**Student:** 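Sharing a structure here in structure tokens format.
Because the structure is a prediction, the values reported are computed rather than measured. No hydrogens, no waters, no symmetry mates; every other heavy atom, side chains included, goes into these values. Residues: numbered from 1 along the sequence shown.
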Amino acid sequence: MRDARRIVVKVGSSLVTNEGRGLDEAAIGEWCRQLAALVRDGREVVMVSSGAIAEGMKRLGWRTRPHEINELQAAAAVGQMGLAQMYETKLRENEIGSAQVLLTHADLADRERYLNARSTLVTLLKLGVVPVINENDTVVNDEIKFGDNDTLGALVANLVEADALVILTDQKGLYTADPRKDPDAKFVHEAAAGDPALEAMAGGAGSSIGKGGMITKILAAKRAAGSGASTVIAWGREADALLRLAKGESIGTLLVAQTAKHQARKRWMADHLQLRGSVVVDAGAAAKVRAEGKSLLPIGMTGVSGEFSRGDVIAVRDADGVELARGLANYSSVEARLLCRKPSSEFERLLGYVAEPEMVHRDNMVLMPG
């Protein structure tokens, strides 16, 4: 955590709402104070927060969580107002801007929506704003019936290529068994994310308000590790937990990703078997990509083959057809053909918009052997 520059923090319903008795203003204020300190320290932070349905229940005077989907959606719609307002107020008190982003698993499964969400979040982080994310429970049935914000936290960590995922919960971390039932349960200080033995240790949900149990946190850590992010599961009421973690202190359970962030991404691209197409570049662009590690600009492209969409993995080839690199396309094949040999100043005239100045950014590119 000491070296993590981009961090996703997920906090559960029981911590945000005191088991359903309305939003815990003091607790949210404490987390926002710590988030602001991290931003001032040069970190980029995303907050994934539960609590909308629980807050809606409180505002509507409901003592038990309803089962009807339409009532759950109504509670989410009412509660989201208070949840967003609370984070906005507390972050503003610490002179940090905030933004509300509502996502669904479907947003992250669709290529275009995934890239749009990523672009928005990365832009907010560069602006020093803290995005506060929740599932869009108001409109998506399956998210309420089956979704949980532990999974969403891991998906967001993958989305923004975070260095670390911190899951704040009402437990100190992971035990070898449920400590409430087994007096011999031992605390797990550190383990490898994705270790099958961890899933056997995890128990069920411990809160009457939240839906996620320890098993969802273990699986979230496994998912986050896929993009190279390690996960910390810690007690949300621990004093200055985020700040102490950022200083390298051992708090909670650390589940270590076995592959570094950039290695995981590069390996995924290098191993991609289904290339949708390719672009051919001139000698100058080939030298910049191969020898200098530069991004590929459309002005250096001489041709496009295949049919691909924005976000697909494509090959970058020289005039002889040799594959120099592969990476994620910022433009579709139709758009790329229009952009060949064109400077970025002409993109808006040709396309009607500008997504990125590069065809393939160097961060999204891996050089091929040869």
**Student:** Taking atom CD of E238 as the centre, report whether more than 12 heavy atoms of other residues, nucleotides or ligands fall under 6.0 Å from it.
**Tutor:** yes

**Student:** Is the backbone N or O of D184 less than 3.5 Å from a side-chain atom of D182, with the two atoms forming a donor-acceptor pair by type?
**Tutor:** yes

**Student:** Please write out which residues are connected to Y175 in a hydrophobic cluster, directly or through intermediates, given that two of Ile, Leu, Val, Met, Phe, Trp, Tyr count as joined at side-chain heavy-atom separations below 4.5 angstrom.
**Tutor:** F187

**Student:** Is the side chain of R65 donor-acceptor paired with the backbone N or O of A54 at a distance under 3.5 Å, no angle test?
**Tutor:** no

**Student:** Between G82 and L23, which heavy-atom pair has the shortest distance, and what is it?
**Tutor:** O-CD1, 3.5 Å

**Student:** Verify, without hydrogens or angle tests, whether R237 (side chain) and L15 (backbone) share a donor-acceptor contact under 3.5 angstrom.
**Tutor:** yes

**Student:** Does CD belonging to E292 count more than 12 external heavy atoms closer than 6.0 Å?
**Tutor:** yes

**Student:** Using modelled atom types only, decide if a donor and an acceptor are shared between the side chain of S98 and the backbone of L91 within a distance under 3.5 Å.
**Tutor:** no

**Student:** Under 4.5 Å between any side-chain heavy atoms of V9 and V48, yes or no?
**Tutor:** no

**Student:** Please report the interatomic distance CD1(I96) to CD(E88), rounded to the nearest 0.5 Å.
**Tutor:** 12.5 Å

**Student:** For residues A157 and A224, report the shortest heavy-atom separation together with the two atoms involved.
**Tutor:** CB-CB, 4.5 Å

**Student:** Could you list the donor-acceptor pairs under 3.5 angstrom formed by side chains in residues 189-196, with sequence neighbours left out?
**Tutor:**
| from | atom 1 | to | atom 2 | distance (Å) |
| --- | --- | --- | --- | --- |
| D195 | OD1 | A197 | N | 3.0 |

**Student:** For a 4.5 angstrom cut-off between non-hydrogen side-chain atoms, does L255 reach T253?
**Tutor:** yes

**Student:** Mind checking the CZ-CG spacing from R223 to L152? Nearest 0.5 Å is all I need.
**Tutor:** 10.5 Å

**Student:** Quick one about S333 and E307 (side-chain donor to acceptor, distance below 3.5 Å, no hydrogens or angles considered), yes or no?
**Tutor:** yes

**Student:** Hydrogens and angles aside, do N116 and R310 bring a side-chain donor and acceptor to less than 3.5 Å of each other?
**Tutor:** yes

**Student:** Mind checking whether V366 and R326 have side chains closer than 4.5 Å, heavy atoms only?
**Tutor:** yes

**Student:** Enter the distance from L328:CG to L115:CG here, rounded to the nearest 0.5 Å.
**Tutor:** 7.5 Å

**Student:** How many angstroms lie between CE in M214 and CD1 in I167, if you round to the nearest 0.5 Å?
**Tutor:** 9.0 Å

**Student:** Have S278 and S305 got a donor and an acceptor in their side chains that come within less than 3.5 Å?
**Tutor:** yes

**Student:** Could you list the cluster mates of L339? Members are the ILVMFWY residues connected by side-chain heavy atoms closer than 4.5 Å, either directly or through other members.
**Tutor:** V279, V281, V289, L296, M301, V304, F308, I314, V316, L324, Y331, L338, F347, L350, L351, Y353, V354, M359, V360, M365, L367

**Student:** Looking at every non-hydrogen atom in both residues, tell me the closest pair between G236 and L168 and how far apart they are.
**Tutor:** CA-CB, 3.9 Å

**Student:** Look only at the side chain of T17 and the backbone of E55, and say whether a donor-acceptor pair between them is shorter than 3.5 Å.
**Tutor:** no

**Student:** What do the steps show when you test E44 against K126 for salt bridge (charged side-chain N to carboxylate O under 4.0 Å, His left out), and what is the final call?
**Tutor:** CA-CA 8 Å; E44 296 176 329; K126 289 180 179 177; over 6 Å; no

**Student:** If only atom types and distance count, is the side chain of E346 paired as donor or acceptor with the main-chain N or O of P343 below 3.5 Å?
**Tutor:** no

**Student:** Show the nearest heavy-atom pair for residues N158 and S227, with the distance to one decimal.
**Tutor:** ND2-OG, 2.6 Å

**Student:** Would you say R362's side chain and K294's backbone share a donor-acceptor pair under 3.5 angstrom?
**Tutor:** no

**Student:** Which heavy atom of S119 sits nearest to which heavy atom of E356, and what is that distance?
**Tutor:** OG-OE2, 4.4 Å

**Student:** Examine distances only and state if a side-chain atom of D240 and a backbone atom of R244 form a donor-acceptor pair shorter than 3.5 Å.
**Tutor:** no

**Student:** Are T302 and D282 close enough that a side-chain donor and a side-chain acceptor fall under 3.5 Å?
**Tutor:** no

**Student:** Please round to the nearest 0.5 Å and tell me the distance separating atom OG1 of T120 and atom CG of L125.
**Tutor:** 11.0 Å

**Student:** Taking T104's backbone N and O only, do any of them form a donor-acceptor pair with E135's side chain (distance below 3.5 Å, no angle check)?
**Tutor:** no

**Student:** Check each of T151, D150, N149 against K10 using the side-chain hydrogen bond (donor to acceptor under 3.5 Å, both in side chains) test, and report the only one that passes.
**Tutor:** D150

**Student:** Considering non-hydrogen atoms only, spot the tightest contact between S49 and V132 and give its length.
**Tutor:** CB-CG1, 4.4 Å

**Student:** With no hydrogens and no angle check, do the side chains of S14 and D170 hold a donor and an acceptor under 3.5 Å apart?
**Tutor:** yes

**Student:** Would you say D163's side chain and R6's backbone share a donor-acceptor pair under 3.5 angstrom?
**Tutor:** yes

**Student:** Could you measure the distance from the CG atom of L245 to the CD1 atom of I251? Nearest 0.5 Å is fine.
**Tutor:** 4.5 Å

